[in-house]
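In this text the structure is predicted, and so the values were computed from the model without any measurement. Side-chain atoms are counted along with the backbone in the values below, which use heavy atoms only and exclude waters and symmetry mates.
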Amino acid sequence: MKQPTVTAIIPCFNSGRYIYEAVESVKLQRGNFALTAIIIVDDGSDDAETREAFNELCKNPDVRIFPNRYSKGPAGARNTGIALVDSQWIAFLDADDILTPNSIATRIDALCSSPGTKWCGGDFVKFHPDGSYEIDPIYRSGQKYSLAFEGYAFDKPLLLERPVKYFLKKMITWMGAVLIRTDVLKDCSGFNEALFQSEDNNLFIRIALNHAFLFVPDVVLAKREHNDSLTRQKWPPNHWTTKNFRSLLKDPDFKPYDRFIRRRLKHQYRINYEFHLKHRQYLRYLKNLAWHTYFKASKHLNSS
């Protein structure tokens, strides 16, 4: 039987200090699949350390580096990579994270046991600047709780036939832990480039609308924790999540989930207006308070 083909896509912006480790973790993957390429998308990096890293990495025949003409953010960088792929499957990895040993093989094997399933995602752990790993996997330990895992023993892959509401509620896998059919990504036009964060959850929600999701209980990713992580920027907690849900509310395909999305927006705006009030950003506070009030009073939430 012909082996499944996989391409790894790594968006990179000024992550020269980490990119070697990320690439090496992909190169070390082994299993019943063929790794066709490691695609690094340079999203406008302008520091010497990253330029030097690219000069070294491009000497590796398995690594292909493609520059964006301008910085497009994580969504746009990944879309650049998707357009270049001719393999069956795509694995994503952020430039500061690493795949665990057998990460891709574990997901491929799980998918082979669930014929017809076109995407999957696994568990992950965090690791710190001193090189130490947290012991407990994020989902298995309950650090990120979801009703999707209610009564689940994390002893075998879990197939979720209708996962839209689970992903609307919260992430039940992580960007670097997914494996997705290339045709599925291209059919849904990839990532929403208007979202600088929460673009991963937006993609997962849109894929979940038409495809069952396979959760793999193994740890397949180590997510780096450090002070310059994108998620540590000084945005209001749900700024990009709110934009994510607003985009879904406009999408006619999500009309059946209208009430649920509006409830989520009411919750997001409350968190945001509390943030702005705490930081004395009164105009932004009033704007978010007004949207919270609008969705709280929405007839869509009060109808049967």
Side-chain angles (χ1 to χ4, degrees), residues 9-15 39 41-45 66-85 90 92-95 119 121 164-165 167-176 178 180 182 184-211 229-258 260-273 275-276 281 283-284 287-288 290-292 294-295 298:
I9 294 177
I10 306 176
C12 182
F13 174 73
N14 289 351
S15 295
I39 294 177
V41 180
D42 175 19
D43 197 40
S45 298
F66 295 89
N68 274 337
R69 287 184 297 174
Y70 58 92
S71 182
K72 300 172 69 176
R78 294 191 190 105
N79 283 344
T80 297
I82 292 169
L84 300 166
V85 170
I90 295 178
F92 295 98
L93 182 65
D94 287 347
W119 70 309
V164 178
K165 281 192 175 181
F167 280 104
L168 282 169
K169 188 69 174 176
K170 62 177 59 180
M171 297 267 278
I172 56 173
T173 188
W174 213 252
M175 192 67 249
V178 295
I180 308 175
T182 304
V184 168
L185 286 161
K186 292 184 177 181
D187 286 347
C188 73
S189 301
F191 293 84
N192 183 342
E193 297 186 17
L195 299 173
F196 195 67
Q197 293 181 32
S198 201
E199 80 291 342
D200 45 6
N201 184 238
N202 178 270
L203 176 75
F204 297 163
I205 292 167
R206 289 187 288 115
I207 294 177
L209 189 65
N210 298 305
H211 299 283
S229 290
L230 180 64
T231 51
R232 290 180 181 269
Q233 292 183 1
K234 299 294 185 180
W235 297 106
N238 288 8
H239 175 81
W240 291 103
T241 306
T242 301
K243 289 184 177 294
N244 171 16
F245 285 129
R246 290 298 293 262
S247 72
L248 295 172
L249 195 63
K250 297 175 184 177
D251 188 334
D253 289 340
F254 284 91
K255 190 65 176 178
Y257 301 95
D258 187 274
F260 191 85
I261 293 171
R262 288 172 181 270
R263 287 194 184 100
R264 298 294 294 138
L265 279 165
K266 180 185 72 170
H267 175 70
Q268 314 302 333
Y269 278 116
R270 179 181 61 79
I271 293 174
N272 283 351
Y273 81 63
F275 174 91
H276 290 304
Q281 299 168 345
L283 289 178
R284 293 178 179 177
K287 179 180 178 180
N288 281 268
W291 278 116
H292 169 77
Y294 168 78
F295 284 108
S298 173

Got a second to check how far [X]'s [atom1] is from [Y]'s [atom2], nearest 0.5 Å?
X	Y	atom1	atom2	answer
H239	I271	NE2	CD1	14.5 Å
L248	K255	CG	NZ	13.5 Å
D42	F13	CG	CZ	9.0 Å
L209	F167	CG	CZ	12.5 Å
R264	K169	CZ	NZ	5.0 Å
N202	N244	CG	CG	4.5 Å

For K287 and Y273, run side-chain contact (heavy atoms from CB on, under 4.5 Å): C-alpha distance rounded to whole Å, both residues' side-chain angles, the deciding distance at 0.1 Å, then the answer. CA-CA 8 Å; K287 179 180 178 180; Y273 81 63; over 6 Å; no
I'd like to check [X] versus [Y] (side-chain heavy atoms, cut-off strictly below 4.5 Å). Are they in contact?
X	Y	result
V41	C12	no
R262	Y294	yes
F66	I39	yes
T242	N272	yes

Under the side chain to side chain donor-acceptor pair (under 3.5 Å) rule, collect the residues that match up with S189, sequence neighbours excluded. none
Partner set under side chain to side chain donor-acceptor pair (under 3.5 Å) for H267, not counting sequence neighbours: R270
With sequence neighbours excluded, residues passing side chain to side chain contact (heavy atoms under 4.5 Å, CB included) with T182: V85, S87, I90, K186
In chain order, what residues pass the side chain to side chain contact (heavy atoms under 4.5 Å, CB included) check against D187, with sequence neighbours excluded? none
Residues 235-247 vs salt bridge (charged side-chain N to carboxylate O under 4.0 Å, His left out), sequence neighbours excluded, gives none
Can you give me the closest heavy-atom contact between [X] and [Y], atom names plus distance?
X	Y	value
S15	A95	CB-CB, 3.7 Å
P256	D253	CD-O, 3.6 Å
C188	I207	SG-CG1, 4.2 Å
F245	Q268	CE1-NE2, 3.5 Å

Working note: L249 + D258, criterion side-chain contact (heavy atoms from CB on, under 4.5 Å); need CA distance, chi angles, decisive distance, verdict. CA-CA 6 Å; L249 195 63; D258 187 274; 3.5 Å; yes
Would you say D43's side chain and G73's backbone share a donor-acceptor pair under 3.5 angstrom? yes
H292 side chain vs K266 backbone, donor-acceptor pair below 3.5 Å: yes
Check the angle between the aromatic planes of Y269 and F295 and answer parallel, tilted or perpendicular using the 30° and 60° thresholds. parallel
Can you say whether the rings of F254 and Y257 are parallel (under 30°), tilted (30 to 60°) or perpendicular (over 60°)? tilted
Is there a side-chain contact (heavy atoms from CB on, under 4.5 Å) between W119 and V184? Walk through the geometry before answering. CA-CA 9 Å; W119 70 309; V184 168; 5.9 Å; no
If you look only at distance, which donor and acceptor atoms sit under 3.5 Å apart when one is on a side chain in residues 75-83 and the other is two or more places apart or in another chain?
unit_1, atom_1, unit_2, atom_2, d
R78, NH1, E199, OE2, 2.8
R78, NH2, D94, OD1, 3.0
N79, OD1, F191, N, 2.8
N79, ND2, F191, O, 3.0
N79, ND2, E193, OE2, 2.9
T80, OG1, N68, OD1, 2.7
T80, OG1, G76, O, 3.1

Any luck finding a side-chain donor-acceptor pair between T241 and N201 under 3.5 Å? no
Are F92 and I180 close enough, and set up right, to give a side-chain contact (heavy atoms from CB on, under 4.5 Å), and what steps lead you there? CA-CA 9 Å; F92 295 98; I180 308 175; 4.3 Å; yes
